[in-house]
Amino acid sequence: MSTAQSLSGQCLCGTVKISGEFKAAHVGACHCDMCRRWAGGPFMVVESAGELQLDGGAAIGRYASSDWAERGFCNNCGSVLFYRLTGNNTHFVSTGLFADQSNLALDHQTFIDEKPPWYSFANKTRDLTGEELFAAFAPPE
Ligand SMILES: [Zn+2]
Ligand SMILES: [Zn+2]
């Protein structure tokens with residue numbers, strides 16, 4: 001269903017460059033405490049649809065924020081780069097990196113239950129609580 005689109009972008013200082021195929025029309029915004037603490041606000045991401053080309057890899061810092069995911073950032077300028085599910089190597093890349101934003105569309109919001117009350121997006125989106133998100137992705141028992 002979701003058609004992948006080619007996107008390329010870079011961090012603030014330009015050391016790290018990221019390109020590949022992404023589900024551009026399915027941007028997600030995560031409001032969880034961890035994403036907001038890390039990204040400074042809701043973390044807006046596009047999901048990779050295949051292998052990513054990552055240039056400047058030595059400059060990519062990685063922080064294991066849970067048993068199943070790590071967060072990548074630029075060691076030089078501090079730009080937030082991606083959230084990566086280590087189990088299946090899926091990258092959720094920060095929308096802010098991409099030069100061409102014309103094909104991006106906000107599709108869903110996660111951890112809507114952790115969103116602080118002082119802001120709300122006007123976009124019509126599919127909203128999931130943290131519990132609903134884990135239920136959607138947990139393997140059936
Ligand atoms: Zn940088
Ligand atoms: Zn989050």
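- Residues Asp55 and Ile18 fail the side-chain proximity criterion, which asks for heavy atoms closer than 4.5 Å.
- Here ring-ring contact (aromatic ring centres under 6.0 Å, His included) pairs that include residues 37-71, with residues two or more places apart or in two chains, are Trp38-Phe43.
- Sequence neighbours left out, the pairs with a member in residues 74-103 that pass salt bridge (charged side-chain N to carboxylate O under 4.0 Å, His left out) are Glu70-Arg84.
- If you take OG1 on Thr110 and CG on Asp127, they are separated by 9.5 Å, rounding to the nearest 0.5 Å.
- Contact detail for Cys32 and Phe111: the closest heavy-atom pair is CB-CG, 3.5 Å.
- When only modelled atom types and interatomic distance are considered, Gln109 and Thr125 share a side-chain donor-acceptor pair under 3.5 Å.
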- Task: In sequence, state the C-alpha distance, the side-chain angles, and the governing distance for Ser94 and Leu81, and then conclude on side-chain contact (heavy atoms from CB on, under 4.5 Å).
- Result: CA-CA 6 Å; Ser94 174; Leu81 300 174; over 6 Å; no
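- Under the side chain to side chain donor-acceptor pair (under 3.5 Å) criterion, Thr86 pairs with no residue at all, not counting sequence neighbours.
- Within the 3.5 Å criterion, the main-chain N or O of Thr129 finds a donor-acceptor partner in the side chain of Glu132.
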Donor-acceptor list for residues 72-79 side chains, cut-off 3.5 Å, not counting sequence neighbours:
unit_1, atom_1, unit_2, atom_2, d
Asn75, ND2, Ala59, O, 3.2
Ser79, OG, Leu12, N, 3.0

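- Counting heavy atoms from C-beta on, the side chains of Val27 and Val45 never come closer than 4.5 Å.
- Applying the 6.0 Å contact sphere to CG of Asp67 captures no more than 12 heavy atoms from other residues, nucleotides or ligands.
- With sequence neighbours excluded, no residue satisfies side chain to side chain donor-acceptor pair (under 3.5 Å) with Glu51.
- Note that the CG atom of Leu106 and the CZ atom of Arg126 stand 11.0 Å from one another [nearest 0.5 Å].
- Qualifying side-chain contact (heavy atoms from CB on, under 4.5 Å) partners for Ala69, counting only residues two or more places apart in sequence or in other chains: Ser66, Tyr83, Leu85.
- For Glu21, the salt bridge (charged side-chain N to carboxylate O under 4.0 Å, His left out) criterion is met by no residue, not counting sequence neighbours.
- Under the rule for a salt bridge (charged side-chain N to carboxylate O under 4.0 Å, His left out), the partners of Asp33 that lie at least two apart in sequence or sit in another chain are Arg36.
- His31 pairs by the ring-ring contact (aromatic ring centres under 6.0 Å, His included) definition with Tyr119, Phe121, not counting sequence neighbours.
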- Message: Run the side-chain contact (heavy atoms from CB on, under 4.5 Å) test on Leu104 and Leu7 for me, step by step, so that the C-alpha distance in whole Å, both residues' side-chain angles and the decisive distance to 0.1 Å come before the verdict.
- Response: CA-CA 10 Å; Leu104 301 180; Leu7 291 173; 3.9 Å; yes
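- For Asn123, there are no side chain to side chain donor-acceptor pair (under 3.5 Å) partners two or more places apart in sequence or in a different chain.
- Shown here for Val46 and Thr95, the closest heavy-atom pair between the two residues is N-CG2, 4.1 Å.
- Applying the side chain to side chain donor-acceptor pair (under 3.5 Å) test to pairs two or more places apart or on separate chains, none has a residue in residues 7-18.
- Under the rule for a ring-ring contact (aromatic ring centres under 6.0 Å, His included), the partners of Phe82 that lie at least two apart in sequence or sit in another chain are His91.
- Closest non-hydrogen pair, Ser48 versus Lys23, comes out as O-CE, 4.5 Å.
- In terms of heavy atoms, Met44 sits closest to Ala29 at SD-CB, 3.5 Å.
- When all heavy atoms are compared, the tightest approach of Ala39 to Val80 is CA-CG2, 4.1 Å.
- Residues Ser65 and Met34 come closest through the heavy atom pair O-CE, 3.2 Å.
- By the criterion of side-chain heavy atoms lying less than 4.5 angstrom apart, applied directly or through intervening Ile, Leu, Val, Met, Phe, Trp or Tyr residues, Ile112 is not grouped with Leu128; the two fall into different hydrophobic clusters.
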